[in-house]
S.K.: 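The structure follows.
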Amino acid sequence: KVVRMKDDLATNKRCTDDLSNDLEEARQGLESTMQLLDSEKNTTTSLEQNNVLLREQIDEDSKVIGQLKESLSDHQLVQEEELEKKSQVIKELSNQLSDFEQKLAELNSRLTSERNEKNSLASVLSAMQLHLDKELKGRQEQEDLLKQSIDALKNEMKENLKENSTLSQEVESLKKKHDH
C-alpha cells in the first residue's frame with residue numbers, strides 16, 4: 001500500500017513537470033509572437049512615413065502643374081508636354097501610393113490578426129496557469145493525504161510491532177511455564 005502511494009506521488013510529480021514544460025513552451029511562443037508584432041509595427045511605421053513623403057511629392061507636383069498652367073505663353077506647347085510628363089509622374093506616384101496604402105492595410109490587418117493571436121495565446125496561457133495552479137494544489141493536497149496515510153500506517157506498524165513483541169514475550173513465558 002505504501003509503495004503504491006509512493007508510485008502515485010511519483011506519477012503526480014511527472015504530470016506536474018510535464019505541465020510546467022508545456023507552460024514554458026507556451027511562454028516562449030508568446031515571446032516569439034511579440035517580437036514578430038514589433039517587427040510588423042516597425043514595417044508599418046516605415047510605410048506610413050513613405051506614404052507621407054509620396055503625398056508631399058504629389059502635392060508639390062500638383063503645385064508645379066498649376067503654376068505651369070498659369071504661366072502658359074509662347075512656350076505653351078513645350079510646357080504642355082512638360083505638364084503631360086508631370087501628370088504621368090503624378091499618376092505613377094498615385095499608383096505607388098495606392099500600392100503602399102494597400103500594403104499598409106494588409107500589414108494593419110496582419111497586425112490586428114497577430115494581436116488577436118497574442119491575446120488568444122495570453123488567454124490560453126492564463127487558463128493553463130490556472131489549471132496548473134489547481135492541479136498543483138490538488139496534487140499537494142493528495143500528497144499531504146498520502147503522507148498522513150503513510151504516517152498512520154507507520155504508527156500502526158509500530159503498534160503491531162509492540163503487540164508482536166508483547167505476544168512474543170507472552171509466548172516465551174508460556175513456553176517456559178509449559179516446559180516446567
S.K.: Where the side chain of S32 meets the backbone of Q28, is there a donor-acceptor pair that is under 3.5 Å apart?
M.R.: no
S.K.: Nearest 0.5 Å, please: how far is CD in E81 from NZ in K86?
M.R.: 14.5 Å
S.K.: Rounded to the nearest 0.5 Å, what separates atom CG in L97 from atom CD1 in I90?
M.R.: 12.0 Å
S.K.: Would you say the side chain of K85 lies within less than 4.5 Å of the side chain of V89, judging by non-hydrogen atoms?
M.R.: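 V89 vs K85: side chains apart.
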S.K.: State the CZ-CG distance between F100 and L93, to the nearest 0.5 angstrom.
M.R.: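 Here the rounded value is 10.0 Å.
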S.K.: If we ignore hydrogens and angles and just use 3.5 Å, is the side chain of S109 paired with the main-chain N or O of A105 as donor and acceptor?
M.R.: no
S.K.: Answer whether the closest heavy-atom distance between the side chains of L37 and M34 falls below 4.5 Å.
M.R.: yes
S.K.: Just wondering, do E106 and R110 contact through their side chains at under 4.5 Å, heavy atoms?
M.R.: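 No, every pair of side-chain atoms sits at 4.5 Å or beyond.
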S.K.: With distance as the sole test, does S165 use its side chain to make a donor-acceptor pair with the main-chain N or O of L161 at under 3.5 Å?
M.R.: no
S.K.: Checking S173 side chain against Q169 main chain: does a donor-acceptor pair fall under 3.5 Å?
M.R.: no
S.K.: Could you tell me whether the side chain of Q57 reaches within less than 4.5 Å of the side chain of D61, counting heavy atoms only?
M.R.: yes
S.K.: State, with a plain yes or no, whether a side-chain heavy atom of R115 is found less than 4.5 Å away from one of L111.
M.R.: yes
S.K.: Let me confirm one number: the CD1-CD1 distance from I58 to I65, rounded to the nearest 0.5 Å.
M.R.: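 Answer for the CD1-CD1 pair, I58 versus I65, is 10.5 Å.
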S.K.: Any donor-acceptor pair under 3.5 Å linking the side chain of S98 with the backbone of S94?
M.R.: yes
S.K.: List the residues meeting salt bridge (charged side-chain N to carboxylate O under 4.0 Å, His left out) with K147, not counting sequence neighbours, and say none if there are none.
M.R.: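 In terms of salt bridge (charged side-chain N to carboxylate O under 4.0 Å, His left out), with neighbours along the sequence ignored, K147 is linked to E143.
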S.K.: Okay, side chain of S87, backbone of L83: is any donor-acceptor separation there less than 3.5 Å?
M.R.: yes
S.K.: Side chains of K13 and D17: does their closest heavy-atom pair fall under 4.5 Å?
M.R.: yes
S.K.: Could you state the interatomic distance from CG (L174) to NZ (K176), rounded to the nearest 0.5 Å?
M.R.: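 The CG atom of L174 sits 11.5 Å away from the NZ atom of K176.
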S.K.: Identify every side-chain donor-acceptor pair in residues 120-137 under 3.5 Å, counting partners at least two apart or on other chains, and give the distances.
M.R.:
residue	atom	partner	partner atom	Å
Q129	OE1	R27	NH2	3.3
Q129	NE2	D133	OD1	3.0
E135	OE2	R139	NE	2.9
E135	OE2	R139	NH2	2.3

S.K.: Do the side chains of E101 and R55 get close enough for a salt bridge, i.e. N-O under 4.0 angstrom?
M.R.: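 So E101 pairs with R55 through a salt bridge.
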S.K.: Only counting residues at least two apart or in another chain, list the ones meeting salt bridge (charged side-chain N to carboxylate O under 4.0 Å, His left out) with D99.
M.R.: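 For D99, no residue satisfies salt bridge (charged side-chain N to carboxylate O under 4.0 Å, His left out) once neighbours in sequence are set aside.
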S.K.: Using a 3.5 Å distance criterion without hydrogens, assess whether the side chain of T43 forms a donor-acceptor pair with backbone atoms of S39.
M.R.: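 Answer holds: yes.
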S.K.: Please report the interatomic distance CG(L153) to CD(Q148), rounded to the nearest 0.5 Å.
M.R.: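 Between atom CG of L153 and atom CD of Q148 there are 12.0 Å.
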S.K.: Following the transitive rule for hydrophobic clusters with a side-chain heavy-atom cut-off under 4.5 Å over Ile, Leu, Val, Met, Phe, Trp and Tyr, establish whether L104 and L36 coincide in one cluster.
M.R.: no
